[in-house]
Amino acid sequence: MIKLFLTDVDGCLTDGGMYYTAEGDVMKRFCVYDGMGMVLLRKAGIACGILTSENSPIVKARAEKLKLDYLYMGVGSKDQAGSLTKLEAAKRICEKMGITLAEVCYVGDDVNDIDLLEAVGMPCCPPNARPEVKAIQNIRVLRTAGGQGAIREVCDILLSY
């Protein structure tokens, strides 16, 4: 049974695009359906969080708006020296919750997500994920693209159990 839902941001909660204004401000587009999915998961007793390699006030604002249980920014992969990995961050959360990685669903789309995707009980990726991610054994390749409701698709699956 899944007790924790975690997701990456770019390419999963967003379409992976980086939008810049003429002044150099960065913008991200989030899908409201994804947000509602995580709100519904939390109401059903499934904790939710974001793990991202970015340190972005935009992501922090989104996590706060959704009242997510966990937000780890600046976490990467084992190849990124000096940072906590996404897998290590997920293990810390599991320890706090008293659960195992087998009780975690994670949505990721790029090579820095592979270690965590290989470790969780329910690995998922949007169809726009990198081929290396889609090749992970037992991964669920979603029908909906990142930033277009992919997270809601996973939330609906979890809520149907």
Side-chain angles (χ1 to χ4, degrees), residues 1-17 28-54 56 58-73 75 77 85-161:
M1 184 167 136
I2 298 299
K3 296 181 180 172
L4 173 63
F5 173 78
L6 297 171
T7 184
D8 179 36
V9 176
D10 292 322
C12 297
L13 275 171
T14 75
D15 62 9
K28 292 183 183 291
R29 178 191 169 280
F30 294 95
C31 178
V32 295
Y33 300 133
D34 292 340
M36 180 55 74
M38 289 191 282
V39 167
L40 294 172
L41 282 183
R42 291 190 70 244
K43 284 183 180 178
I46 298 173
C48 294
I50 290 173
L51 305 178
T52 180
S53 58
E54 284 191 76
S56 166
I58 299 169
V59 173
K60 184 177 182 196
R62 186 66 177 148
E64 288 173 355
K65 179 173 176 57
L66 297 175
K67 297 177 175 63
L68 298 184
D69 303 287
Y70 301 99
L71 172 61
Y72 279 76
M73 296 192 295
V75 293
S77 67
T85 68
K86 291 183 178 188
L87 178 56
E88 290 165 340
K91 285 180 179 179
R92 285 185 183 184
I93 295 169
C94 287
E95 188 176 309
K96 286 180 190 175
M97 291 182 62
I99 65 172
T100 68
L101 287 169
E103 297 167 292
V104 176
C105 173
Y106 180 64
V107 182
D109 70 317
D110 212 335
V111 295
N112 63 338
D113 297 308
I114 291 175
D115 291 344
L116 182 52
L117 286 165
E118 290 177 334
V120 298
M122 186 176 170
C124 300
C125 71
N128 52 296
R130 297 290 308 151
E132 306 92 322
V133 171
K134 291 195 263 187
I136 293 171
Q137 186 175 9
N138 298 322
I139 196 158
R140 181 186 296 248
V141 179
L142 304 166
R143 294 184 316 272
T144 315
Q148 303 294 320
I151 300 305
R152 180 61 178 267
E153 182 180 335
V154 177
C155 294
D156 288 347
I157 291 166
L158 292 172
L159 290 167
S160 71
Y161 290 148

All heavy atoms of A90 vs all of L116, minimum pair found to be CB-CD1, 3.6 Å
Q | Side-chain heavy atoms of M38 within contact of F5, under 4.5 Å | A | yes
request  = Could you please spell out the steps behind the side chain to side chain contact (heavy atoms under 4.5 Å, CB included) verdict for L40 and L159?
outcome  = CA-CA 8 Å; L40 294 172; L159 290 167; 3.7 Å; yes
Item to check | Beyond-backbone contact of L13 with I50, side-chain heavy atoms, under 4.5 angstrom | outcome: yes
To the nearest 0.5 Å, atom OG1 of T14 lies from atom CD1 of I58 at 10.0 Å
Side-chain heavy atoms of V39 within contact of R42, under 4.5 Å
no
In a table with atom names and distances, give each donor-acceptor pair under 3.5 Å that connects a side chain of residues 122-134 to protein atoms at least two apart or in another chain.
{"from": "N128", "atom 1": "OD1", "to": "G146", "atom 2": "N", "distance (Å)": "2.9"}
{"from": "N128", "atom 1": "ND2", "to": "G11", "atom 2": "O", "distance (Å)": "3.3"}
{"from": "K134", "atom 1": "NZ", "to": "P127", "atom 2": "O", "distance (Å)": "2.9"}

Nearest heavy-atom contact between V104 and C94 is CG2-SG, 3.5 Å
Smallest heavy-atom separation, A150 atom then L142 atom, equals O-CD1, 3.6 Å
The reported gap from CG in L87 to CG in L117 (rounded to nearest 0.5 angstrom) is 10.0 Å
| field | Donor-acceptor under 3.5 Å (D156 side chain, E153 main chain) | value | no
Taking every heavy atom of L4 against every heavy atom of I99, the minimum-distance pair comes out as CB-CD1, 3.8 Å
**Message:** Please check: side-chain N/O of E64 versus main-chain N/O of A61, any donor-acceptor pairing under 3.5 Å?
**Reply:** no
Side-chain heavy atoms of C105 within contact of L158, under 4.5 Å | yes
Determine whether I151 and Y33 make a side-chain contact, defined as any pair of heavy atoms from C-beta on separated by less than 4.5 Å. no
Report task. Report the C-alpha separation of R62 and V9 in whole Å, then their side-chain angles, then the decisive distance to 0.1 Å, and conclude whether the side chain to side chain contact (heavy atoms under 4.5 Å, CB included) test is met. Result -> CA-CA 10 Å; R62 186 66 177 148; V9 176; over 6 Å; no
- Is there a side-chain contact between M97 and Y70, using heavy atoms and a 4.5 Å cut-off? yes
Value for OG (S53) from CG (D10), rounded to nearest 0.5 Å, stands at 7.0 Å
task = Compare all side-chain heavy atoms of R152 with those of D34 and state whether any distance is below 4.5 angstrom.
result = yes
Here the gap from Y106 atom OH to I139 atom CD1, rounded to the nearest 0.5 Å, amounts to 10.0 Å
Between I93 and L51 the two heavy atoms that sit nearest each other are CD1-CD2, 4.3 Å
Closest heavy-atom pair, E54 versus K28, reported as atoms and distance to 0.1 Å, is OE2-NZ, 2.8 Å
* Asked: Between D15 and R29, does at least one N-O distance fall below 4.0 Å, as a salt bridge requires?
  -> no
Worksheet entry | D115 with K86: basic N within carboxylate O range, under 4.0 Å | no
